[in-house]
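These notes concern the structure reproduced below.
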2 protein chains.
Amino acid sequence: MQTIEQLLESKDIRVTAMRLLIYKFLAQKQVAVTLSDIENAFEKADRTTLYRTVKTFEEKAIVHQIDDGTGITKYALCEKGCNCEIETDLHLHFHCNNCNETVCLTEHKIPQIKVPNGFISEDINLVVKGICDKCSGQ
Amino acid sequence: MQTIEQLLESKDIRVTAMRLLIYKFLAQKQVAVTLSDIENAFEKADRTTLYRTVKTFEEKAIVHQIDDGTGITKYALCEKGCNCEIETDLHLHFHCNNCNETVCLTEHKIPQIKVPNGFISEDINLVVKGICDKCSGQ
DNA sequence: CAATAAATGCACTTCCATTGCACTTATTTT
DNA sequence: AAAATAAGTGCAATGGAAGTGCATTTATTG
């Protein structure tokens with residue numbers, strides 16, 4: 001069992017109170033969050049700090065960025081073994097049109113996509129939109 | 001053979017000089033264009049007019065919107081028979097990281113995506129990023 | 001403890017999307 | 001055909017989110 005401190009250190013990220021808080025916030029969330037979500041959760045902290053913290057996490061592959069088509073960038077913690085950079089490891093994201101939340105469907109890998117001759121695929125973004133389990137249940 | 005005028009009228013869109021020009025511009029383009037692209041092509045026209053024209057086209061299923069992850073909304077003409085609303089008819093988009101252009105790969109349909117129980121899929125956005133045929137050729 | 005580097009906070013800028021309102025142009029009604 | 005109405009266009013302004021420069025604080029290193 002690795003502590004958050006150890007995780008950050010293993011990625012060459014200095015441990016600060018702010019970063020621990022933001023990490024915990026992301027860990028506790030079951031859905032992808034926007035910068036504004038984080039901002040609202042930490043009203044005392046400056047937006048820039050939150051922004052740069054998330055960017056740092058992103059660079060060090062602690063979180064991955066999600067473009068779910070709402071026009072607002074969202075972030076979610078990478079799962080253990082999540083290699084977001086590796087094309088073959090990409091998972092898909094589900095955006096609920098009802099509650100407006102976006103979740104990672106980590107267990108659902110993106111199927112092989114064929115592209116025409118001459119095209120070289122490097123990265124794939126797949127977002128399914130619809131109604132999530134929470135909203136469809138009722 | 002249907003004229004542009006007839007097409008617009010069939011969709012309950014009034015024919016104006018501006019709309020014809022914008023339609024022709026989109027038709028001649030082989031790639032998805034941003035609002036700024038259109039703006040640059042019609043410097044005499046106001047940005048708002050272009051914006052609203054494209055929005056009108058979008059509502060009436062003459063163009064479809066593309067979110068290729070660049071953060072800037074792009075638009076492309078729907079092909080004949082393109083039913084962007086129908087999930088099963090969705091095609092994928094390819095964004096070139098080199099020339100920054102986005103093209104519709106209309107002939108490449110999106111494979112069936114499985115989502116977990118309780119999730120209802122209504123729409124799918126799939127963007128493949130990499131190098132396009134023009135840029136990989138050299 | 002001093003020197004250095006990184007982290008944080010504040011202010012500001014930029015870019016794109018969008019809207020309100022006035023004005024013009026087209027369409028419909030009398 | 002003129003008046004009334006509706007739609008289209010242009011100008012100005014707003015809002016939201018992303019990003020940057022710089023000063024200040026906090027942590028790290030010698």
| query | Which is it for T53(A) and F42(A) under the side-chain contact (heavy atoms from CB on, under 4.5 Å) test, yes or no, and what are the steps along the way? | reply | CA-CA 13 Å; T53(A) 300; F42(A) 300 97; over 6 Å; no
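- The side chain of K55(A) contributes an N or O atom lying less than 4.0 Å from OP1 or OP2 of dG19(D).
- A donor-acceptor contact shorter than 3.5 Å is absent between the side chain of S36(A) and the backbone of E39(A).
- Close to dA18(D), at under 4.0 Å from its OP1 or OP2, lies no side-chain N or O of Y51(A).
- In this structure, D37(A) atom CG and dG16(D) atom P are separated by 15 Å, rounded to whole Å.
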What N/O pairs connect the protein and nucleotides 4-14 of chain C at under 3.5 Å? Give each pair on its own line.
{"from": "dA6(C)", "atom 1": "O4'", "to": "R14(A)", "atom 2": "NH1", "distance (Å)": "3.4"}
{"from": "dA7(C)", "atom 1": "OP1", "to": "R19(A)", "atom 2": "NH1", "distance (Å)": "2.7"}
{"from": "dA7(C)", "atom 1": "OP1", "to": "R19(A)", "atom 2": "NH2", "distance (Å)": "3.2"}
{"from": "dA7(C)", "atom 1": "O5'", "to": "R19(A)", "atom 2": "NH2", "distance (Å)": "3.4"}
{"from": "dT8(C)", "atom 1": "OP1", "to": "T16(A)", "atom 2": "OG1", "distance (Å)": "2.8"}
{"from": "dG9(C)", "atom 1": "OP2", "to": "D46(A)", "atom 2": "N", "distance (Å)": "3.4"}
{"from": "dG9(C)", "atom 1": "OP2", "to": "T49(A)", "atom 2": "OG1", "distance (Å)": "2.7"}
{"from": "dG9(C)", "atom 1": "O6", "to": "R52(A)", "atom 2": "NH2", "distance (Å)": "2.6"}
{"from": "dC10(C)", "atom 1": "N4", "to": "T48(A)", "atom 2": "OG1", "distance (Å)": "3.1"}

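- A donor-acceptor contact shorter than 3.5 Å links the side chain of S136(A) to the backbone of G118(B).
- Atom CG of D67(A) and atom P of dC16(C) are 16 Å apart (whole Å).
- When the P atom of dG19(D) is taken as reference, atom CD1 of I72(B) falls 11 Å away, rounded to whole Å.
- Other residues, nucleotides and ligands contribute only 12 or fewer heavy atoms inside 6.0 Å of the NZ atom of K29(A).
- In this structure, T73(B) reaches the sugar-phosphate backbone alone: every heavy-atom distance under 4.0 Å involves primed, P, OP1 or OP2 atoms, never a base.
- As rounded to whole Å, 14 Å separates atom P of dA27(D) from atom CD of E5(A).
- Here dT18(C) presents its P atom at 14 Å from CD of E39(B), a figure rounded to the nearest Å.
- Here the closest heavy-atom approach between residue K74(B) and residue N100(B) is recorded as NZ-O, 3.2 Å.
- For K109(A) (side chain) and T106(A) (main-chain N/O), a donor-acceptor pair under 3.5 Å exists by modelled atom type.
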